[in-house]
There are 2 protein chains.
Amino acid sequence: MPKGSPKVAVDIVIFTIDEGKLKVILIRMEKKPFTGKWAFPGGLVGFKESLDEAARRDLYEKTGVKNVYLEQLYTFGDVRRDPFSRVVSVAYVALVNKNRIKKLTTTAKYTGIDWFNMAKLPRLAYDHNKVAKYALERLRLKLEYTNIVFSLLPRYFTLAHLQEIYEIILGKKLDKRNFLKKINSLNLLKKTRKLEKGAHRPARLYEFRTRKPRIIEIL
Amino acid sequence: MPKGSPKVAVDIVIFTIDEGKLKVILIRMEKKPFTGKWAFPGGLVGFKESLDEAARRDLYEKTGVKNVYLEQLYTFGDVRRDPFSRVVSVAYVALVNKNRIKKLTTTAKYTGIDWFNMAKLPRLAYDHNKVAKYALERLRLKLEYTNIVFSLLPRYFTLAHLQEIYEIILGKKLDKRNFLKKINSLNLLKKTRKLEKGAHRPARLYEFRTRKPRIIEIL
DNA sequence: TCAAAAGTGTTGCAAATACACCCATGT
DNA sequence: ACATGGGTGTATTTGCAACACTTTTGA
């Protein structure tokens, strides 16, 4: 029977694309029994803030960015997930463009904060490896039927760049022509007149028609 | 900044099919300002029970059934969703076969409990109309790519009955032949030798190969 | 002129849809 | 015999996957 109430926290899986990898932010824990272990950033939810607000606040504190794509993932509530106190954690997924983040900062309770390659995560504190798994699954699914990928891109980008992000996240190669066909059929992009100069033939730059999250109509 | 912690509750949207309608259980609230208003059943999460356990416990208290399909839906955490105290609510969806439920019981705090037609819900307490919307969306989606419909059916059933449930939930008519083709291709059902006697040509009874939830392979 | 990435269409296959008649039974 | 729901197959369309060569530029 209920007695006392669990605490409520948020944890955020902050994805970005960097150096051709899908990366996430982790913080290093100080307190036992997770000393030295890494975990997703997060913290307790304040009495006067909604879950979304708590997540945005924490995201801002750690990365200094606002106006980020943020979505609730799942709520983890096993009794022993935190060995010290009963904490129910509402996990969020955020997508940010790496360029927008100047510096990662953390609070005194933690001894480090850094980007990690999602494909090679260490063993994390709490149940955060499970959180990671859910988050990646969700990201992959949503990539297919929403336009959220815009959050990971600068304003102007080439088709190759866009495709590369899909390939990194989905973990497989895509066919250039089929990819273009799909993207075109969704009507998300606007051709610009700009070109990206490089060592070789210049690539046309595109931008999103709109940079608000939306579900892509399936018909 | 955080001060104090929100309480944690679960709310359960308990779906069933009855009289050709999709129905849910609602309870009538006594305390102000929701006196007389209906809401989904639920309650605070105990210190020593997981979220899933809390949901199952409440489901059992209200309906007397165990071993029910139950799935976490979404966590609602707006500051003012409960005007009296700060409560974060983890919503669940449950699917039950109406026949398994003998009697609905509620605690002293509430003045009623009953089944309501999902298509004609009254204005509910809290943010429960939003919960209802999410739940229906989820149910419709999951129906398409899982076998969870078994939870709503008795052990033996006819194809017409199965199709009817899909039609009720999806809110549209399906083609009998195409429906059969789809169901067959998923290989979920076993023909039995039983027949359902009725006023006319007897219908063959089917059963599920397995009554455990599973994702239907898309390929 | 060569190297490197950009850009561009067609074909085949599989899955989804549309569609209508005969069958078995109880009355 | 007839009324009622049960049971069954084909043709078309549509979306997805496979596949290779030409173009443009900088060095």
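Atoms considered below: every heavy atom in the structure, side chains included; atoms not considered: hydrogens, waters and symmetry mates. Residue numbering restarts at 1 for every chain, and letters A, B, ... go by the order of the sequence lines. What you see is a predicted model, and the numbers here were worked out from it, not measured in a lab.
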Subject >> Member of A/Tyr74, A/Tyr126, A/Phe40 meeting the side-chain contact (heavy atoms from CB on, under 4.5 Å) criterion with A/Val131 >> reply: A/Phe40
**OP:** Quickly work out the A/Phe179 CZ to C/dA6 C1' distance and round it to whole Å.
**Re:** 15 Å
Original post:
Angle class for the A/Tyr134/A/Phe76 ring planes (parallel below 30°, perpendicular above 60°, tilted otherwise)?
Top reply: perpendicular
Original post:
Atom CG of B/Asn184 and atom P of D/dT8: how far apart are they, to the nearest Å?
Top reply: 9 Å
Original post:
Tell me: CG of B/Leu180 to C1' of C/dA18, nearest whole Å?
Top reply: 16 Å
Original post:
Could you give the CD-to-C1' distance, from B/Glu164 to D/dG5, as a whole number of Å?
Top reply: 13 Å
Original post:
On DNA chain D, nearest-nucleotide positions of A/Leu195 versus A/Lys182: which is more 5'?
Top reply: A/Lys182
Subject >> Integer-rounded Å distance: D/dA20 C1' and A/Lys176 NZ >> reply: 10 Å
Can you tabulate the close N/O pairs, meaning under 3.5 Å, that link protein atoms to atoms of nucleotides 10-14 of chain D?
| from | atom 1 | to | atom 2 | distance (Å) |
| --- | --- | --- | --- | --- |
| D/dT10 | O4 | B/Lys181 | NZ | 2.7 |

Original post:
Where along residues 196-205 of chain A does a heavy atom come under 4.0 Å from DNA chain C, residue by residue in number order?
Top reply: A/His200, A/Arg201, A/Pro202, A/Ala203, A/Arg204
**OP:** Give a yes or no on whether a salt bridge exists between B/Glu61 and B/Arg57, defined as a side-chain N under 4.0 angstrom from a carboxylate O.
**Re:** yes
Subject >> Value in whole Å for how far the P atom of D/dG7 lies from CD1 of B/Ile183 >> reply: 14 Å
**OP:** If a pair satisfies side chain to side chain donor-acceptor pair (under 3.5 Å) and one of its residues is in residues 170-179 of chain A, list it, with sequence neighbours excluded.
**Re:** A/Asn178-A/Lys181
Going by atom type alone, with no hydrogens or angles, which donor-acceptor pairs under 3.5 Å involve a side-chain atom of residues 192-205 of chain A and a protein atom two or more places apart or on another chain?
| from | atom 1 | to | atom 2 | distance (Å) |
| --- | --- | --- | --- | --- |
| A/Thr192 | OG1 | A/Lys194 | N | 3.1 |
| A/Thr192 | OG1 | A/Leu205 | O | 2.7 |
| A/Arg204 | NE | A/Thr192 | O | 3.0 |

Original post:
Mind checking what makes ring-ring contact (aromatic ring centres under 6.0 Å, His included) contact with A/Phe179, not counting sequence neighbours?
Top reply: A/Tyr166
Subject >> Between D/dA17 (C1') and A/Leu170 (CG): distance, integer Å >> reply: 16 Å
Original post:
In terms of the nearest nucleotide of DNA chain C, which residue is placed more toward the 5' end: B/Asp175 or A/Leu159?
Top reply: A/Leu159
**OP:** Search all heavy atoms of A/Arg28 against all heavy atoms of A/Trp38 and return the closest pair with its distance.
**Re:** N-CE3, 3.5 Å
Original post:
Tell me: CZ of A/Phe157 to C1' of C/dA6, nearest whole Å?
Top reply: 16 Å
Original post:
With a 4.5 Å heavy-atom cut-off, do A/Tyr92 and A/Glu71 have their side chains touching?
Top reply: no
Original post:
Does anything in residues 8-24 of chain A pair up under side chain to side chain donor-acceptor pair (under 3.5 Å), and if so which pairs, sequence neighbours excluded?
Top reply: A/Asp11-A/Ser89, A/Asp11-A/His128, A/Asp18-A/Lys23, A/Asp18-A/Lys98, A/Glu19-A/Lys23
